[in-house]
Novice: 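One structure, as structure tokens, below. Some questions next.
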Protein chains: 2
Amino acid sequence: MKNERVTVIDIAKAAGVSKSTVSLVLQGSPLVNDGTRAKVTAVMRELGYVYNRGAANLRQSGAKSKILGVVVNDLTNGFFAELAVGVDMVVQSAGFVQFLSNTSESLDRQSEVIASMREHGISGLILSPARATTAADLKPIVASGIPVVVVVRNVPGARVSSLVSDNQQGTFAGVQHLVSLGHRQIAFLGGFNDTAVFEDRLHGYRAAIAACGLEPADALIIPSAPSRAGGVDAVGRALATDIKPTAAVCFNDAVAFGVCDGLRAKGLEPGKDFAVVGFDDVIEAKTAVPALTTISVDPQAMGRRAAQLLLKQINAGKAEAESIISSVRLVVRSSCGATDADPSVKVETGL
Amino acid sequence: MKNERVTVIDIAKAAGVSKSTVSLVLQGSPLVNDGTRAKVTAVMRELGYVYNRGAANLRQSGAKSKILGVVVNDLTNGFFAELAVGVDMVVQSAGFVQFLSNTSESLDRQSEVIASMREHGISGLILSPARATTAADLKPIVASGIPVVVVVRNVPGARVSSLVSDNQQGTFAGVQHLVSLGHRQIAFLGGFNDTAVFEDRLHGYRAAIAACGLEPADALIIPSAPSRAGGVDAVGRALATDIKPTAAVCFNDAVAFGVCDGLRAKGLEPGKDFAVVGFDDVIEAKTAVPALTTISVDPQAMGRRAAQLLLKQINAGKAEAESIISSVRLVVRSSCGATDADPSVKVETGL
DNA sequence: GCTATTAATTGGAACGTTCCAATTAAGTCA
DNA sequence: TGACTTAATTGGAACGTTCCAATTAATAGC
């Protein structure tokens, strides 16, 4: 019956050794004779043995799986796909496998996937929280001692490590740059206004408006879904205001791409008729036309960093929660209309 | 010690019942008195009990986890993110959780993540294979009886269910449409030429070129990475040929977006100066400017269908491998230059 | 050949949970 | 009150693997 699970008992019988010897081979123990090891290994291959991690974890002292959970709030945003790719680069070489789950901004779904991951004994969790996630939502996993790293969106009050970008500095630098290009009516487009990331990025925008002596205008702050479609929507509304902005700092790159789409739909050329600055520096920012001026978070680097932080905690057994604010960089490309700007010139804004 | 695992023994002691009663409560058995059930449930909540799925699977007859593995070859392509979202819609309501892993086209990584998923006892697998995957690579999991559904890329000879789009019909219809708009020099851009999907889509392209009495030109078949950046590259090379194509059917939407980018970079306007047809109909196809004419696969619908097919097999215990060729539709929008085309008119090309 | 040491292998119990037969408790009826 | 039936709970063994002390095998030295 090919569907019956092959166990160490089956391997032991077929190889003419004890189950304990099979276990030693599985553990790569030096206590096994090479000939015996080769025989057992061959039998495992022949019989198609598949390790039962759940059984092993039961007996193994301090056992943990080689799985790291990664939970993101919106997988259709390329930023999170790239974040996951960055995580994979680091965890792979540490012998871990990433299991990625998407919550589509649902708190219920988030709880469900985290619970399922815990049932299976994940060694750690990287979480980009769904909207409205509070410290209370994270309390059970925190109490369990499983290392958690929160990325992108902070969860105030949660005793977990966090890695977020320097949102305020980023939008501050974006506005400053647009002002240096001569813009005076600058919009802030996109983002769900009930998230900490939105507040931070808006705060930096406002601070720069004030620091540059410009008149703040609430009509130029237009929230929308943080997606490409949301960007089309937001720029349409911005252009319908009496103020007539000539430039915008966008909540993220997806919104910025949508803003460029929305401008073209109105016969305007992004970069020439309207200056666009994004936030993230996803892969497509460089290849888009016009190439996107953006605040570079570099999602893959962020993923790598989050993974390193998590592995550090796993290896330390238990560590103090660390809060890291990842520096960001203004990357000047064509979309802001800096036609004589050298795209390779990068203005450092962080540490 | 808050990090010690809470077990059914601990719950039993704290609730003043036996471990068997705790187990019955966990199983939702009707054999337990309501008062006892409430007491045990309360103690579980207080002590933060987390089920040990690995232990349960050990004893439980025919036990399988509530996890479905989903393995994709390129998560940075929005198509796969949407596929995963579609899978989630279906598996969620069936009480399953999707664990998604990305192989970045690596066969080694693919084997590793599949092995890890099997260790943890997945109930089924949806796989978009990495390049060069053969039936031999799938033989072990097939032999184990775990239900597998291969999507997007077929693996000839593998005795698994598959769900692929009607690639030949799709590109055939795309070329026909461009011919009906008056184009005679039509390129085929993008895709890795060592994949079955590429062969199918190219075959449809060639068949339509022949059926419309056009002169085939190998110089107009330009493979590239199936990404946006690959599209920029491919259209650059197409425009550098002596033939000077006026239109292209693209391997997928990501390539098509890149082709539009590449046209703009050369001062050409997609839809007006050059007709572009994509393949997939990802979310962004509709909102892009120009809105993308494309062969609609609808990745979310595909994900839903794959999940339904997999759940059907799981619930049937064992089923015959099914091969489904999902019909595709030509969706005419602006990128092909059909300026008087009504975007809501959809030309049905499938069953 | 005998003794001591090292190498290799083994048997039994543990891990958390489930299952099932056995036991106990509760309710009903005469 | 006792007998019978139903409801509720329980104890022990099983599941696949690991760990560790015990046992066996092999080797070296005299």
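The structure displayed is predicted, hence computed values, not measured ones. Chain A is the first sequence line, chain B the second, and so forth, proteins listed ahead of strands; every chain is numbered from 1.
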Novice: Could you give the CG-to-C1' distance, from B:Asp34 to D:dT9, as a whole number of Å?
Specialist: 15 Å
Novice: Does a distance-only test, which skips hydrogens and angles, find a donor-acceptor pair under 3.5 Å between the side chain of B:Arg59 and the base of C:dT18?
Specialist: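 Yes, the side chain and the base share a sub-3.5 Å donor-acceptor pair.
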Novice: How many whole angstroms separate atom CG of B:Asn52 from atom P of C:dT18?
Specialist: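 Those two atoms, CG and P, are 10 Å apart.
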Novice: Output the rounded distance in Å from CD (A:Gln27) to C1' (D:dC20).
Specialist: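 Going from CD in A:Gln27 over to C1' in D:dC20 covers 14 Å.
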Novice: In whole angstroms, how far is the P atom of D:dC15 from the CZ atom of A:Arg5?
Specialist: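 For the pair A:Arg5 CZ and D:dC15 P, the rounded distance is 14 Å.
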Novice: Could you please name the option among C:dC19, D:dG16, D:dT18 that lies closest to any side-chain atom of A:Leu58?
Specialist: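 Between C:dC19, D:dG16, D:dT18, the one nearest the side chain of A:Leu58 would be D:dG16.
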Novice: Would you say A:Ser116's side chain and A:Val113's backbone share a donor-acceptor pair under 3.5 angstrom?
Specialist: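 No; judged by distance alone, with no hydrogens or angles, the pair does not exist.
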Novice: Do the charged groups of B:Lys66 and A:Glu119 touch, with an N to O distance under 4.0 Å?
Specialist: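 No, this pair does not count.
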Novice: Rounded to whole angstroms, how far apart are CD on A:Gln60 and C1' on D:dC19?
Specialist: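 Answer to the nearest Å: 10 Å.
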Novice: So B:Leu26, base contact, sugar-phosphate only, or nothing? Heavy-atom distance under 4.0 Å.
Specialist: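 The answer is sugar-phosphate, as B:Leu26 gets under 4.0 Å only of primed atoms, P, OP1 or OP2.
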Novice: Could you check which residues of residues 14-23 of chain A get a heavy atom under 4.0 Å from DNA chain C? Sort them by number, please.
Specialist: A:Val17, A:Ser18, A:Lys19, A:Ser20, A:Thr21
Novice: Among D:dT17, D:dC19, C:dT9, find the nucleotide with the atom closest to the side chain of A:Thr7.
Specialist: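 Closest nucleotide to the A:Thr7 side chain: D:dT17.
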Novice: Below 4.0 angstrom, N of the basic side chain to O of the carboxylate: do A:Asp10 and A:Arg5 qualify?
Specialist: no
Novice: So, does A:Ser101 use its side chain to make a donor-acceptor pair with the main chain of B:Gln98 at under 3.5 Å?
Specialist: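 Confirmed, A:Ser101 side chain pairs with B:Gln98 backbone.
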Novice: From CD of B:Glu119 over to P of D:dT17, roughly how many Å is that when rounded to an integer?
Specialist: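 About 10 Å, once rounded to whole Å.
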Novice: How long is the line joining NZ of A:Lys13 and P of C:dT10, in whole Å?
Specialist: 14 Å
Novice: Would you call the rings of A:Phe99 and B:Phe99 parallel, tilted or perpendicular, where under 30° means parallel and over 60° means perpendicular?
Specialist: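 Tilted, since the angle between the ring planes falls between 30° and 60°.
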Novice: Look at the side chain of A:Leu31 and decide which nucleotide, out of D:dA13, C:dA14, C:dT9, has an atom nearest to it.
Specialist: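 Within the option list, the nearest is C:dT9.
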Novice: Would you confirm whether A:Arg118, through its side chain, and A:Ile146, through its main-chain N or O, come within 3.5 Å as a donor-acceptor pair?
Specialist: no
Novice: Looking at C:dT9, C:dC19, D:dA8, which one has an atom nearest to any side-chain atom of B:Asn33?
Specialist: D:dA8
Novice: To the nearest Å, how far apart are B:Tyr51 OH and C:dT17 C1'?
Specialist: 7 Å
Novice: The side chain of B:Tyr49 is closest to which nucleotide in this list: D:dT17, C:dG16, C:dT17?
Specialist: C:dT17
Novice: Is B:Glu105 reaching over with its side chain to a backbone N or O of B:Arg131, donor-acceptor style, under 3.5 angstrom?
Specialist: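 Judged by distance alone, yes, a pair lies under 3.5 Å.
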